[in-house]
Novice: 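Quick one: this structure, given as structure tokens, is what I'll be asking you about.
None of the values given here were measured: they were computed from a predicted structure.
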Amino acid sequence: MQTNPHAPARATRKEWTALAVLMLPLLLVSMDVSVLYFAIPQISADLDPSGTQQLWIFDIYAFVLAGLLMTMGSLGDRIGRRRLLLFGATAFGAASVVAAYADSAETLIAARAVLGIGGATLMPSTMALVRAMFHDAGQRATAIGIWSGVLIAGIALGSVMSGVLVEYFWWGSVFLVNLPAMVVLLLLAPLLIPESKDPAPGRFDLLSVPLSMAAVLPLVWGLKETAAEGIRTEYVASVAVGLVFAALFVHRQRTTASPMISPDLFRGRGRTFGAAVSLNLVSALAVMGSTYFTTQYLQSVLGKSAVEAALWALLPSVPIGFAAPVATALVRRGVDRAHVVAAGFVVAAGGCGLLALAGTDSLWVVLAGAGVMACGSVVVGSQLTDLALGAAPVEKAGSASSLLETGQEFGGAMGMALLGSIGNAVYRDAIPGSAPAEARETLGGAVSAAHHLPGRAADTLLTTAREAFTNGMHAAALTGAVILLAAATVAAGALRTKKAGRAGEISPGPPGTSSPSGTSSPSGTSSPSGV
């Protein structure tokens with residue numbers, strides 16, 4: 001049996017073991033997004049934060065992480081992704097200790113900000129190192145499928161772990177759980193993970209750092225606050241400011257000699273990269289926007305406790321472990337990746353359709369809808385991530401990874417703002433004007449107001465509010481389904497590629513040429529398809 005002398009080397013047991021080590025920081029970073037869900041009451045009792053301080057304790061981690069993703073991805077390309085990974089793990093571990101034993105709200109906010117800095121170094125570094133270690137298209141697709149599954153599972157697991165730890169220990173334990181994994185990473189990463197970086201990165205553009213943060217932070221904050229509070233002047237102004245700085249950031253990248261994000265990622269063959277980033281953003285928009293309602297449904301409509309709701313919410317994550325491998329297997333058997341991604345969008349739209357069928361006592365319908373939607377999302381996310389990284393040159397893997405992740409942050413914030421606004425509008429329209437003011441704003445407000453009303457009046461208000469919220473969820477879910485189906489149509493056309501052979505194979509060619517598989521050739525160039 002003849003082998004292609006120009007085919008990239010296949011990963012060995014060492015690379016797969018290194019992948020397992022890389023999943024440790026990824027899991028913890030994703031868990032930290034939701035790990036404070038059940039710890040906030042105890043933190044409030046111990047540290048007595050003001051309302052503003054409590055919001056910052058909860059939100060500053062995600063804001064700092066989103067704001068620094070592009071900076072850290074570009075920095076990793078320049079100084080080495082493994083080096084940045086180890087730096088981030090050290091900062092993450094140290095900040096976890098400070099957060100666990102914080103004696104004031106200010107200290108905890110500062111520690112959470114450093115955790116966000118550490119998370120911003122860890123996420124693009126792990127993805128870029130996966131791209132650098134797995135050169136074979138099929139193996140890389142499998143590795144990225146694992147990466148995507150761990151990321152989504154971590155977010156679901158974070159809230160459950162928070163509830164369990166707070167139940168049996170003190171609130172600081174939700175941070176100390178990070179330490180063993182970070183110690184393992186610091187010990188094993190130098191032994192198992194090879195260093196990789198751009199051999200000719202150019203100077204680091206310092207001006208792009210504040211420009212990128214000034215673009216990302218106002219946009220994310222304005223969109224998230226719009227989802228929570230509705231459309232207000234200050235939130236619209238924040239989004240507008242972010243868009244202005246985003247335009248300045250793009251102009252800087254197009255005109256400076258050494259940009260933070262190379263425009264070449266989006267030119268020529270890089271158009272596939274741009275399409276993958278955009279479609280991934282749309283997927284996050286629809287899925288996160290729908291999740292905004294399902295979590296509230298479990299608690300405020302079905303009346304489950306926070307811990308019960310978190311445990312039930314784990315069920316939709318179970319099939320995630322099967323979705324990405326099935327998608328990868330289909331692509332390796334020759335199914336056009338455009339069709340697989342489009343099918344993933346359709347499956348996710350089907351999950352939204354199930355949510356639109358839920359009544360006010362439809363636990364299993366909602367869980368089934370969330371599970372189907374999660375499966376479709378993982379199929380889309382894993383395939384688009386592999387496609388984008390396959391289209392990007394290996395030396396730009398950090399920048400490419402950070403753009404994907406920043407797009408997901410934007411998509412999630414936009415989804416909560418858009419679908420949340422639609423659902424809230426339906427809710428407010430259905431609540432009678434005679435209801436208490438707080439009940440007319442949110443379902444949570446209605447639940448709170450019902451505690452101060454006599455029995456029959458309380459029951460009437462809760463029934464009306466729960467039906468109104470469910471109707472709002474229907475409207476948001478149907479909107480999400482339409483968006484996902486439109487994305488499926490775009491993906492089927494925009495991602496279609498001509499393949500020289502079966503998916504995952506490398507077509508013969510001289511050294512230094514790109515293969516249709518999207519893997520790097522010996523010269524380090526790559527092709528757009530990523531199949």
Side-chain angles (χ1 to χ4, degrees), residues 69-70 124 127 131 140-141 144-145 147-149 151-152 219 223 246 261 265-291 320 323-324 326-328 330-331 335-352 372-392 399-419 479-497 503 518 526-531:
L69 277 172
M70 286 190 289
M127 188 187 290
R131 172 68 176 93
R140 186 184 68 237
I144 289 177
W147 189 97
S148 300
L151 179 66
I152 294 177
L219 274 170
L223 291 170
I261 304 296
L265 285 171
F266 298 93
R267 293 172 180 159
R269 293 176 174 179
R271 291 174 184 171
T272 301
F273 174 83
V277 171
S278 300
L279 288 168
N280 205 36
L281 183 152
V282 172
S283 174
L285 183 154
V287 173
M288 289 300 295
S290 299
T291 303
I320 287 175
V326 168
T328 300
L330 289 173
V331 173
V335 179
D336 194 317
R337 178 166 293 179
H339 296 155
V340 174
V341 173
F345 276 118
V346 171
V347 170
C352 288
V372 171
M373 190 166 53
C375 286
S377 174
V378 169
V379 168
V380 170
S382 62
Q383 294 304 309
L384 290 177
T385 299
D386 186 34
L387 181 63
L389 292 184
S399 298
S401 301
S402 67
L403 277 175
L404 274 169
E405 290 155 3
T406 303
Q408 287 178 330
E409 292 289 334
F410 276 138
M414 289 172 62
M416 287 188 286
L418 174 63
L419 301 188
T479 303
V482 171
I483 292 172
L484 289 167
L485 290 174
T489 303
V490 173
L495 302 182
R496 186 173 298 173
T497 57
S526 60
S527 77
S529 71
V531 178

Novice: Applying side chain to side chain contact (heavy atoms under 4.5 Å, CB included), can you list everything that pairs with Ala491, at least two apart in sequence or on another chain?
Specialist: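 Ala491: side chain to side chain contact (heavy atoms under 4.5 Å, CB included) contacts with Leu279, Val341, Phe345, Leu495.
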Novice: Among all residues two or more places apart in sequence or in another chain, which pass the side chain to side chain contact (heavy atoms under 4.5 Å, CB included) test with Leu219?
Specialist: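 For Leu219 the side chain to side chain contact (heavy atoms under 4.5 Å, CB included) partners, ignoring immediate neighbours, are Val239, Leu243, Phe410.
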Novice: Could you tell me the separation between the CG atom of Leu285 and the OG1 atom of Thr479, rounded to the nearest 0.5 Å?
Specialist: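 Spacing of CG (Leu285) from OG1 (Thr479) equals 10.5 Å.
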Novice: Quick check: closest heavy atoms across Ala338 and Ala492, and the distance to 0.1 Å?
Specialist: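 Taking every non-hydrogen atom into account, CB-O, 3.8 Å.
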Novice: Would the distance check show the side chain of Ser377 and the main-chain N or O of Met373 forming a donor-acceptor pair, the cut-off being under 3.5 Å?
Specialist: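 It does not hold such a pair.
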Novice: What's the shortest heavy-atom distance between Gly480 and Leu419, and which atoms?
Specialist: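 For Gly480 and Leu419, the tightest heavy-atom pair comes out as N-CD2, 4.1 Å.
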Novice: Can you name the residues that form a side chain to side chain contact (heavy atoms under 4.5 Å, CB included) with Val347, not counting sequence neighbours?
Specialist: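 Val347 satisfies side chain to side chain contact (heavy atoms under 4.5 Å, CB included) with Val372 only.
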Novice: Rounded at 0.5 Å granularity, tell me how far CD1 in Ile483 sits from OG in Ser283.
Specialist: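 Going from CD1 on Ile483 over to OG on Ser283, the span is 11.0 Å.
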Novice: Rounded to the nearest 0.5 Å, how far apart are CG of Leu484 and OG1 of Thr489?
Specialist: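 It comes to 11.0 Å.
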Novice: Between Ala276 and Leu387, what is the shortest heavy-atom contact and its length?
Specialist: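 Closest approach of Ala276 to Leu387, heavy atoms only: CB-CD2, 4.3 Å.
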Novice: Distance check, rounded to the nearest 0.5 Å: Asn280 atom CG versus Thr406 atom OG1?
Specialist: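 Answer for the CG-OG1 pair, Asn280 versus Thr406, is 11.5 Å.
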